[in-house]
Every structure is written in C-alpha cells, then in structure tokens.
Amino acid sequence: MCESISVKESDATWLINQSGTKKHGYLLFDAHNLENPLHQTTAKYYNMTFKFSRDESKLVRMMMVAHGFSEVSSDSTNFNLCWGNFLFREQDYKQLNEWQKLNHFPGSPELTQKDNLYRNVRHMQIQYEDKNFNFMPISFTLPEEYKDFCAAHAEYPSTWIIKPIDSSQGRGIYVADQVDQVSPEEVQLVSRYLDSPLLINGYKFDLRLYVVVTSLDPLVIYLYEDGLVRLASEKYQHDEELWNPCIHLTNYSVNKFNSNYVQNEDIEKDNHGNKWSLSAFLRHLKSQNVDTVTLMRNVENVVTRTILAASANMKEASERLLKHLNNCFELYGFDIMFDKNLKPWVLEVNSYPSLNINQPIDLKIKSALVADLFSLHYLSTTHICSSTSCIKECVAEELRVVHQVCDEYKRRGGWNRIFPAEDSWNLYNGILEYETPLNLALHKHLYTQVPRSIRLRHDSPCRTESALHLGDSTFLQRMACYERSLHCGLDGRVTNIDNLNKIIQEKQMESEVLLDNKANALTATGDNHLLGKYQARLAFLAYLQRIQRNLMNGLDKEESVQAVTRFLQSSGKLLQKQIPVLIPYKGIPIKARATILSRQLGDFMNLFNKETFMMMDEDINSNKSPQTHQSPIESVNTLPEGHSKIPSKTNKVLDTNSLQQKVAKNTCQA
C-alpha cells in the first residue's frame, strides 16, 4: 500500500504519476553541504525562502542557505519555512498557505510548559492505571497547590527541586529540603527530587533526546538515533551542598562556568568530558552488563506516553487554527534521568532545544539532526504543493495519509519512527484520549499482519511495561541505530569533519580575541590610560566575571547578593535586547540565591559580550584614537565592593574599587 514511483535527484525526491509527469517532490538536505554549498538547487530554482520569528538559529540559517534558500524579513508573508523559538500568534497559524511550514504546533505548551505537562500526565494517571504513567516525579503547581505541597512534605519529608514554570536552561532552579525555603506566592513547579540517580563515574547526568512530531492526526513520532548525555561538573553527594547547582543540575548552561567542567575537544571521542553521545552512553552501560535493550524500550515508551498525554489538547488547537494540518511540525528536547534501578524519569520537554554549537560533539550530532529534520518533514515549492490539492480531491483521505507517512519514512535519515510501530496499537490503544480512525487506518496499512483491537475504548485496560518485551521486530532495527556511533560519512550526512570544525574554530578565535583585548583593557586601566568604549566594556566584563565566580562558589555575604540583585534589575539599560530577571525568594539559603544570580549574571554577560564583539571593528580595528566619555554607568556603582583583586597579563594587580571608578569614568553607554 505504501509503494510509489519516485525519482531521486541531487537535492530532491520527485513522485511521478503514471504518465511520467513530476507531480510533487520533497527536498533532501545533507549536513556536508554546510562545507560545500550547492550552486544549483531546487530551492534556488523555485525561489524558496525562510525567515525567523523573534530569535534566530545560526545552524538553521547555515543549513537553509547551503541548500539554496533565501532569507526574508521576519514580517514577510512570502516564506516556505518560518523558524521560531516561541509559540506563534493565532493569526500566524490562520494565515498559512498549504505550502508554508512553522516549527511549532498550536497548543504545544500543553507538552512543553512544566505545569501543563505534569497536569496532563497526572490526568492520565487518574484516568488509567497509575503505573503506566508513573514516569514523572510527584509535583505541585504553586501557588495553587502550596498547601498540598506542605502536607506532602509533612507526611514524607523530602528534598524538592523548584523550577519557574516558563524558564529554561537552568534559570531560577534550586534545591530545597525545607518548606520555608519555597515561596508560597511565586508561580513555579515543585517536584520531588530523585535522590538516588544513576551515576556515571560518580557524576549525576541526564539525557537530552531529540524527538519530532510530524503529524497529530494521525499521530507520528520520531526519536533521533543519537542524543547528548550531559554530566554535572562536580561529583554527586545528596546530603550536602544543596545550594551547589554543579552537583545537582546537569544543564550545560549552568556547568560551563565551573572550573571542573571538561569540554569534549575531540569529535571522534564521544565519551570524554562532561558531554557524551547517546551511543557512547549505551556502550558504557553494556560494558557494565546493563540490559540496554530494555532500557531503550522503556525510554521509547515514556516518550510516547508523554506525547499521548498532551496530544488531544494539541490536536484540538490545531484543528481550530489550521486550515491545513500539514503546516506544522515540532522538534522537542526530552530531558530524561535514570534512577539507580534504571527506570527512566521525564524531567521536562523543551519546545526549543538548543541548536548551539559549543563543542565538536554538538556539531557532529546537531548538523546531521537538522539536515535529517528538514528532509523528514518535507519542504516543497508552491508548484509542488499546489498539486497536493488535486490529490486530496481525487484520493481518499485515508490513502493520502498512508502515502504521506510512507514517503516520509523513506526520507527519515537518522530519525527512528517510534509511533506508530509494530506493537504500538496493542500497547496504547486503550490510552488514546480520543477516537482516532486515522491512527487505526494507518496502523492497519503499515502492519497488515499484526492482530489488533478494532474498537478504541477509554475503559480498556492499559498494557504495562511487561508488554514491551512482546514482539516488535522493528525495535531491534532501531536499537542498532541507537548503539552505533554517528561517525563521519554516516548515510552521507557528515563527510568532512575538518571543514565543519571551522565553525567551532571561529567561535574559539572570537573568544581568544576577547580575552586578549580584555587583558589589554585591564592593563590600560591600571596604567591610568583613558579607555575607548569597546575597551571599557571589556574591563567591565572582566570585573563581572570575577563577581560571577564568587557567586558560583556560594558567596555568603548578604549585602553582595543584594547588590547583584539590584544590578540585574537595572541591567536592561546596558543591553539592546532585554533579558528576563528572576529574583530568588528570600527564604532560600543565601548560597543558593547566589548561584541562581550567578546563572542570570552569566546570561547578562553573554549578551553584553555579543554586543561588545560587534563593536570591535569600530573601536579596535579602525585607525581612530580611543574615545573618551563623560557620563558614568550608574549600574556599576551598585555592584558589590571588595572583590579583592583581578590580575592582568602584565602581572599588575588592580584593586576592584579603583577599577569600578575608572570603568565608570571612561564609559558612557553599553
């Protein structure tokens, strides 16, 4: 039922009708085109375009340009792909033509917002057997459930992890073991802490798995063959130093500031440092005689059940806002942790998983992932997509869906389809939240020999994890993909790692240039030289870095913590782009508040750093003399005093109080 006549060209697969005419086709993406962009492409021929909504992604831009797409302004309505890191507006969905794509579904916060996710999973726990949805720690949404939280702690005193509802990358997260350390008024999710996690060489870790949903009706879910394992930078100890995020949190954005953090510098060694690949993790477990087959089956199961818990509400929103249900797809970042018994726990689901390239292992996995993502969920020209309307009129919807999913599967690259799978109907038919005739029809077409229940029943018993071991011959194929290393030349996606490494080398060069110029700026300040705008900013950054290190180490001076808080509250005046500031609850121990502020100060510094680097050509590479400025930065005077000394490359020692005065004297604006 799934066979169709297709012809593959250099960057597209064309489906051919009986008369031999090209009716419609799908673009094919390859990561190695990042190093050697194609000169003649289907996208260029059809003048295909893309744009970003709000924030951009460097990797997505590089991938699209390398395949012949042109970028248009964010307010343009003539685009093939719009990539955004926030949910789009309702009118954005309603105005879409059939050939346009957005990378978020309407209603996706049902899955990606922490409180909504837990509420949906909890609903499934109540409606069905609890053991089938017992993969998220017990949680409470504050302030509504503050009394319930207090009662739960009184009955069973525990350690809790507190997360702001709509934050990401570790912002505002802390660990507490007393009720009075948790604000009864702030909007946040309080979850029971997993105090017996599985460790790697004594370090806590979690998995960042990449999942894509290409359709909600029928539901189609893919899990990428490789992912990232993120290790904390200090060895795990549960009973001590709850304030220390580098013990208890695994986020790269948190641990990268720790002096113990080890970068993975060799793209061929994916089991080194604080960031591993999924395949390296599985090899590590197998070396310890762990049953990785059962482990990955359980991972697939919790990923599928998590999406099933939210899919009904997401489908309802899509049907309300979309004229064409194929307009959207979504890439999710699943954060999963294992306890000492190898049980997987879903910590959260990210709607905009980071595609930043900070280490060679990021480049290796994410470049292949993004190329395969765009091949999987077809991007087509208006000419190609206009023919699908005829297909809809002439062919039954059921058959159209079957052909679409089968064609998609042929372009899957490193994506493994985990739903529907051979045994998925027998595992999940009693869990589905709504009548889904297309799900049943699709499964019948894909797996003709598999016996299944014909009628969906909400009261039918759920299959438990023991049923996962019953026959699914396709899983062993997926398991082989998870275990193999994503090496050079795999499926033609990555062919020249040396050239691709130039991206990382450029980032490293930028950092080295900034370090050198910071040292020069500090030297000039120490020598009483007047600083230019760019140099003054570098000296200011060097000062902030020292403060951040003190905060990360658990600074316990209340006046200093308060000073940093005041600075962050007024820091928007120093940036072109605003950043959200989460002020820690005063009931939190001071060391925990200091580390939370350290993370936010790091966010400020990253943006300040980027804006500073843009000034380099103006203030350093030009032949102009350094400019002087009259007005001080008022915010500098709110920073804590007495952060002893900052050494420069000339071995001169600067007093930070003097540095404050000189930076303020010579700097006018950010």
Side-chain angles (χ1 to χ4, degrees), residues 131-132 134-136 194 196-212 221-232 236 250 264 268-307 332-347 361 364-365 368-369 372 412-419 421-424 427 463-487 490-491:
K131 59 186 176 183
N132 291 298
N134 183 27
F135 51 77
M136 291 192 73
L194 299 178
S196 298
L198 182 66
L199 304 178
I200 294 179
N201 301 327
Y203 293 89
K204 189 176 179 181
F205 72 94
D206 72 353
L207 301 186
R208 164 56 61 87
L209 300 180
Y210 299 96
V211 177
V212 64
I221 307 170
Y222 292 84
L223 173 62
Y224 201 64
E225 64 180 357
D226 215 342
L228 293 172
V229 181
R230 306 175 301 183
L231 286 78
Y236 180 74
T250 60
N264 186 318
E268 295 304 323
K269 295 180 180 179
D270 54 357
N271 62 345
H272 175 72
N274 289 81
K275 190 179 286 190
W276 291 17
S277 70
L278 171 63
S279 55
F281 168 66
L282 294 176
R283 295 195 302 271
H284 170 77
L285 292 183
K286 289 188 74 173
S287 71
Q288 299 183 338
N289 299 316
V290 172
D291 181 3
T292 55
V293 172
T294 300
L295 181 138
M296 286 306 297
R297 281 292 272 149
N298 289 334
V299 166
E300 288 189 351
N301 179 48
V302 298
V303 168
T304 301
R305 291 177 189 266
T306 300
I307 295 175
Y332 300 107
F334 270 70
D335 292 343
I336 292 179
M337 186 173 290
F338 298 94
D339 62 25
K340 64 181 181 181
N341 298 318
L342 301 178
K343 177 180 177 178
W345 295 84
V346 175
L347 303 182
I361 194 171
K364 183 178 183 180
I365 293 174
L369 179 151
D372 289 347
R412 67 189 184 279
W415 291 100
N416 292 304
R417 191 176 66 208
I418 63 174
F419 189 96
E422 185 175 328
D423 62 351
S424 62
L427 284 172
R463 301 296 184 95
T464 64
E465 278 74 4
S466 60
L468 295 174
H469 301 289
L470 300 179
D472 181 355
S473 59
T474 61
F475 172 73
L476 296 180
Q477 299 172 12
R478 300 196 298 274
M479 189 64 199
C481 294
Y482 300 139
E483 290 184 326
R484 70 187 179 189
S485 177
L486 190 63
H487 59 277
L490 179 63
D491 293 342

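Everything quoted here is computed from the prediction, not taken from an experiment.
When the options Tyr210, Tyr224, Tyr222 are evaluated for a ring pair (Phe, Tyr, Trp, His ring centres under 6.0 Å) with Trp415, the one that passes is Tyr224.
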Might you work through the side-chain contact (heavy atoms from CB on, under 4.5 Å) test for Arg484 and Glu225, ending with a clear yes or no? CA-CA 9 Å; Arg484 70 187 179 189; Glu225 64 180 357; 2.8 Å; yes
Show your working on side-chain contact (heavy atoms from CB on, under 4.5 Å) between Asn298 and Phe338 and close with a plain yes or no. CA-CA 11 Å; Asn298 289 334; Phe338 298 94; over 6 Å; no
Can Ile200 and His284 be said to form a side-chain contact (heavy atoms from CB on, under 4.5 Å), step by step? CA-CA 9 Å; Ile200 294 179; His284 170 77; 4.2 Å; yes
Assess the residue pair Ile365 and Leu278 against the criterion (side-chain contact (heavy atoms from CB on, under 4.5 Å)); give the C-alpha distance rounded to whole Å, side-chain angles, the decisive distance to 0.1 Å, and a yes or no. CA-CA 10 Å; Ile365 293 174; Leu278 171 63; over 6 Å; no
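Nearest approach of Val302 to Pro344, heavy atoms of both residues: CG1-CG, 4.1 Å. Listed here is the closest heavy atom pair of Asp270 and Ser279: OD2-OG, 3.6 Å. Between Val229 and Ser277 the shortest heavy-atom distance is CG2-O, 3.6 Å.
Atom CG of Asp423 sits about 7.0 Å away from atom OG1 of Thr474, to the nearest 0.5 Å. Distance check, rounded to the nearest 0.5 Å: CG of Asn132 to CG of Asn301 gives 8.0 Å. To the nearest 0.5 Å, the span separating CG on Leu285 from CD on Gln288 amounts to 6.5 Å. Rounding to the nearest 0.5 Å places CG of Leu207 at 9.0 Å from CE of Met337. In this structure, the separation between CG on Asp206 and CG on Leu209 is 9.0 Å, given to the nearest 0.5 Å. The line from CD of Glu300 to CG of Leu295 is 11.0 Å long, rounded to the nearest 0.5 Å.
Taking the side chain to side chain donor-acceptor pair (under 3.5 Å) definition, one finds that Thr292 meets it with Glu483, sequence neighbours left out. Scanning for ring-ring contact (aromatic ring centres under 6.0 Å, His included) contacts around Phe205 gives Phe281, with sequence neighbours left out. Every residue meeting the side chain to side chain contact (heavy atoms under 4.5 Å, CB included) condition with Asn264, not counting sequence neighbours, appears here in chain and number order: His272, Gln359, Ile361. Considering only residues two or more places apart in sequence or on other chains, Lys204 meets the salt bridge (charged side-chain N to carboxylate O under 4.0 Å, His left out) condition with none of them. Partners of Arg208 by salt bridge (charged side-chain N to carboxylate O under 4.0 Å, His left out), not counting sequence neighbours, listed by chain and number: Asp335. Considering only residues two or more places apart in sequence or on other chains, Lys343 meets the salt bridge (charged side-chain N to carboxylate O under 4.0 Å, His left out) condition with none of them.
Between Ile336 and Phe135 the shortest side-chain heavy-atom distance does not fall below 4.5 Å. Between Ile307 and Val211 the shortest side-chain heavy-atom distance falls below 4.5 Å.
Here the side chain of Asp372 pairs a donor or acceptor atom with the backbone of Gly414 at under 3.5 angstrom.
Cation-pi geometry between Arg297 and Phe475 is satisfied (NZ or CZ under 6.0 Å from the ring centre, within 45° of the ring normal).
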